[in-house]
Amino acid sequence: FLCHAFFDNWSILLGVFQSKNYQYALALVFAIEEINKNPHLLPNMTLGFGLYNVMHSPMTVMENPFIWLAGLEKHVPNYTCRKQSKSVAVISESSTAVQMGTLLELYKIPQLTLGPFEPLLSDSGQFPSLYQMTPKDTSLTHGMVSLMLHFSWTWVGLAISDLPKGIQFMSDLKAEMQKNGICVDFVELIPATLESLSSLQNSAHIQIIKSSANVEILFCVTESLIGASFQSWEQLMTWKVWVTTSQWDFASSEKPFLLYSFHGTLIFSNHHSEISGFKNFLQTANPSKYPEDSYFSKLWSLAFNCSVTGASCKTLQNCPLNASLESLPPHYFDMSMSDGSYNIYNAVYAVAHSVHEMLLQELEMQPVNSGAKLHPFLKNLQFTNPAGDLVNLNHKRNLEAEYDILNFWNFPYGYGRKVKVGWFSPYVSHGQQLSLSENLIEWATGITETPRSVCSVSCSPGFRKTPLEGKPACCFDCTLCPENEISNQTDMDQCVNCPDLQYANTERDQCFHKKVTFLSFEDPLGMTLVCTALCFSVLTVVFLGVFVKHRDTPIVKANNRCLSYILLIALIFCFLCSLLFIGHPNTTTCVLQQTTFGVVFTLAVSTVLAKTITVLLAFKVTVPGRRMRQWLLSGVPNSIIPICSLIQLALCGIWLGTSPPFIDTDAHSEHGHIILVCNKGSVTAFYCVLGYLGSLALASFTVAFLARNLPDKFNEAKFLTFSMLVFCSVWVTFLPVYQSTKGKVMVAVEVFSILCSSAGLLGCIFVPKCYIILFRPEKNRLRFIKQIFHCDVIK
């Protein structure tokens, strides 16, 4: 029985003998010899074979298939001289299977392809007699992307065959890359026709050289044209890392510079077990063993510089005594079984198993003279080959391919070899599908560490990626994270906010717990305010003592000394109430802060109002009329103090009853700190208390302003006017400053305003009087005051 093989002979068209293709023939011979020696498979029968070249040209691709079918040198359709042909199957490459399959389908001859896997050929309706030996390669894109992610290569170039399979691979690869954040710098489509090849060579070469991507993915379907394109290069590209498949065997190139350029290439090759005995078969194979094979003689003469003699050009002379295929460099003849050779090996066994099964079911031992009878057996054929690998010809149950990852070493120089450095399997759990031994990888010449291929340098922690307009997602700028936001990983798209109780460090890559703080007595600002408050309190007590000691002098008696005592005592409490705002806040201090402030200041301002009204009424009683005199004598001005104070107490009571102040935290005002503050509870109530206090101050200022021209030796109207002007100015300034500050500074502003306004009242009203009492006692006599009054009346 005959098994015919049609192999690619593009190498002859280029004038180069491709030794890799001859390994296909040797794998076919090895498988047939192994089967013929097997007593359990096709016993008492012998398999034979025939070899034919197939040209990659639309004009000649069908020439040899016609010759084989017709049995003549002239290809005559629908005619054959092979009256008793025993051919049962055809083995061919996928690249020619489409054209040949249409012809062979007319004769129902089984056609087995050695790869690569072609989805189009899986259409059983269009190609019912065709069987693909290679497994599905749908996991190839996932494997390549996994390799890119492993080395963090996010910026790559693509050189893809422009055949439908190449276009489909490019589409699948782009989708997988986009899903994993990998960008494409350029895409070069390698043509499948000679007419387009020459115009592309220079442009593709220039594009690849100019590309900023250091990693290039090369996927070829018609390998010879890819090889022809790269063979024409004249410039080395040792700085690129190539990722490709075993379909293009650049390692068999005889150009040393091409081997040098592709040193360090990573190759995805279909995983298969080692075929026992194949290497020994290659070691012993020589032209004398197969004298009828003219190609073997040609290979031997070219490899070992033998002279060819004889009419048939098969007789070799002057060959080295130890000449063998094993002694040839790997780039000339690789002793390891290639993917294509492995598939040919399985294809021969598939045919043998099918014929064996068919013969077992034959009732009578009849010659098998038609391959059409094999289809029922091939369609569901599943067997284990001698290497222990499962082979399945049912395309519906065909499994996805597993890949060995090979690394091409051009070491020593010009002596290329492929070393397994890892594998990829789609059948293991995600995250463990790729395995690499990085210590075995030899990178491109001149690269001493794992190469990088990125459009933009990774953004370190503390920065986020900012996309560049019109550029792929892999091209970006790095922007420092905003305040209180961090990024603790590289290449983060967005920064994340720190929790409220944490803050971002200066580098913006970590969140630290904030330190709890408040306006404490130990704080320099707090200490300054406390000292100021105590000093003014002591000074006020001194002034009160002076007034009590000199209570019978005219200047003390002239302006209602009782009101002066009340005002001084109120000012003492005004200075001391500021201490409630300093120190660790608690519920008690939070409640007392605003209420004490409101009440004591209302007491002070209402006292000033009472003093101002008293001065005004004192001068009005000189005008005829009894009512004002009765008001002055009955103490009506003094009643203003309790009335105003009770109103403020009522406001504070409503405030505490509805929404009292409470302890709160401010985590945003001061970087790295959580400030304990007293929340006012009701902001409306706070401003009502403050507004009421302001209205009293405005009333006091108005009355004092009206009484400013009265004789100033008898009254203090001018001093009261100026004191209320200072008081109002302080609190009018306080409002916008208070609104624009936060945290400890806000508390300090309120304390400062309390001290300033209190000091204004103390300084403007009592400092002049104490100066006269202590340093100018002659002016504090009734006779001196009467003289001044007399002069003022005459004026």
(message) Please enumerate all residues that pass salt bridge (charged side-chain N to carboxylate O under 4.0 Å, His left out) together with E442, with sequence neighbours excluded.
(response) none

(message) Minimum heavy-atom separation for S354 and L381, please, with both atom names.
(response) OG-CD2, 3.6 Å

(message) Quick test of your reading: applying salt bridge (charged side-chain N to carboxylate O under 4.0 Å, His left out), list the pairs with at least one residue in residues 399-409, sequence neighbours left out, ordered by first then second residue.
(response) D404-K420

(request) Determine whether S92 and T113 make a side-chain contact, defined as any pair of heavy atoms from C-beta on separated by less than 4.5 Å. (result) yes

(request) Working to the nearest 0.5 Å, report the span between CG of L114 and CD of E93. (result) 5.0 Å

(message) For D339 and S246, which I'm curious about, is there any donor-acceptor pair between the side chains at under 3.5 Å?
(response) yes

(message) Can you confirm whether L436 sits close enough to F151 that some side-chain heavy atom of one is under 4.5 Å from a side-chain heavy atom of the other?
(response) yes

(request) Determine whether V243 and M148 make a side-chain contact, defined as any pair of heavy atoms from C-beta on separated by less than 4.5 Å. (result) yes

(request) Could you list all the salt bridge (charged side-chain N to carboxylate O under 4.0 Å, His left out) pairs where at least one residue sits in residues 130-145, not counting sequence neighbours? (result) D137-K165

(request) Classify the side-chain pair S338/Q23 by whether it contains a donor and acceptor separated by less than 3.5 Å. (result) yes

(request) Report the distance from atom NE2 of H150 to atom CD of Q433, rounding to the nearest 0.5 Å. (result) 14.0 Å

(message) How close do G125 and P128 get, counting heavy atoms only, and between which atoms?
(response) O-CD, 4.0 Å

(message) Does I344 form a side chain to side chain contact (heavy atoms under 4.5 Å, CB included) with M133? I'd like the steps, not just the answer.
(response) CA-CA 8 Å; I344 289 173; M133 299 308 302; over 6 Å; no

(message) To the nearest 0.5 Å, what is the distance between CG on L316 and CZ on F304?
(response) 10.5 Å

(message) I'd like to check L359 versus L42 (side-chain heavy atoms, cut-off strictly below 4.5 Å). Are they in contact?
(response) yes

(request) State, without any angle test, whether Y349 and N38 hold a side-chain donor-acceptor pair at a distance under 3.5 Å. (result) no

(request) Count the heavy atoms of every other residue, nucleotide or ligand shown that sit under 6.0 Å from CG of N44, and state whether that count exceeds 12. (result) no

(message) Is the ring pair Y22/F296 parallel, tilted or perpendicular, if the boundaries are 30 and 60 degrees?
(response) tilted

(request) Identify the two heavy atoms, one from H356 and one from H40, that lie closest to each other, and give their separation to 0.1 Å. (result) CE1-O, 3.4 Å

(request) Report yes if the side chains of E357 and F383 come closer than 4.5 Å at any heavy-atom pair, otherwise no. (result) no

(request) Check whether any side-chain heavy atom of F377 sits under 4.5 Å from a side-chain heavy atom of V355, and report yes or no. (result) no

(message) Just verifying a value: how many Å separate I405 CD1 and I441 CD1, rounded to the nearest 0.5 Å?
(response) 8.0 Å

(message) One pair to check against side chain to side chain contact (heavy atoms under 4.5 Å, CB included): L26 and F30. What are the steps and the verdict?
(response) CA-CA 6 Å; L26 292 176; F30 171 73; over 6 Å; no

(message) With rounding to the nearest 0.5 angstrom, report the CG to CE distance, L47 to M45.
(response) 10.0 Å

(message) Using the rule given for side chain to side chain contact (heavy atoms under 4.5 Å, CB included), can you reason through L140 versus F219, listing the C-alpha separation, both sets of side-chain angles and the distance that settles it, and then say yes or no?
(response) CA-CA 11 Å; L140 178 60; F219 181 80; 3.8 Å; yes

(request) First locate atom CD1 of I267, then atom CG of L406, and finally report the distance between them rounded to the nearest 0.5 Å. (result) 5.5 Å

(request) For N270 and Y403, indicate whether the former's side chain and the latter's backbone hold a donor-acceptor pair under 3.5 Å. (result) no

(request) Take atom NZ of K37 as the centre, draw a 6.0 Å sphere, and report whether it contains more than 12 heavy atoms from other residues, nucleotides or ligands. (result) no

(request) Please confirm whether the backbone N or O of S297 pairs with a side-chain atom of S301, one donor and one acceptor, at under 3.5 Å? (result) yes

(request) Write out all pairs satisfying side-chain hydrogen bond (donor to acceptor under 3.5 Å, both in side chains) with one or both partners inside residues 276-286, taking only residues at least two apart or from two chains. (result) Q283-E326, N286-S288

(request) State, to 0.1 Å, how close S94 and Q132 come at their nearest heavy-atom pair, and which atoms those are. (result) OG-OE1, 4.4 Å

(request) Go through the structure and list residues passing salt bridge (charged side-chain N to carboxylate O under 4.0 Å, His left out) with E176, not counting sequence neighbours. (result) K179

(request) Using a 4.5 Å cut-off on heavy atoms from C-beta on, say whether the side chain of V145 contacts that of L173. (result) yes

(request) Answer yes or no: is there a side-chain heavy-atom contact under 4.5 Å between L299 and L325? (result) yes

(request) Only counting residues at least two apart or in another chain, list the ones meeting side chain to side chain donor-acceptor pair (under 3.5 Å) with T384. (result) none

(request) Could you walk me through whether F281 and E34 pass the side chain to side chain contact (heavy atoms under 4.5 Å, CB included) test, one step at a time? (result) CA-CA 10 Å; F281 169 79; E34 195 175 62; over 6 Å; no

(request) Fit a plane to each ring of H272 and Y342, take the angle between them on a 0 to 90° scale, and name the class: parallel (under 30°), tilted (30 to 60°) or perpendicular (over 60°). (result) parallel

(request) Could you pull out the closest heavy-atom pair between I109 and V90, with the gap in Å? (result) CG2-CG2, 4.0 Å

(message) Treating D389 as the side-chain partner and S273 as the backbone partner, does any N or O pair qualify as donor plus acceptor under 3.5 Å?
(response) yes

(message) More than 12 heavy atoms of other residues, nucleotides or ligands under 6.0 Å from CD of E274: yes or no?
(response) no

(request) Heavy atoms only: give me the nearest G48-I32 pair and the separation to one decimal. (result) O-CD1, 3.8 Å

(message) Assess, by modelled atom type and distance only, whether the side chains of E105 and S129 contain a donor and an acceptor separated by less than 3.5 Å.
(response) yes

(request) Answer yes or no: is there a donor N or O on one side and an acceptor on the other, between the side chain of N407 and the main chain of T265, under 3.5 Å? (result) yes

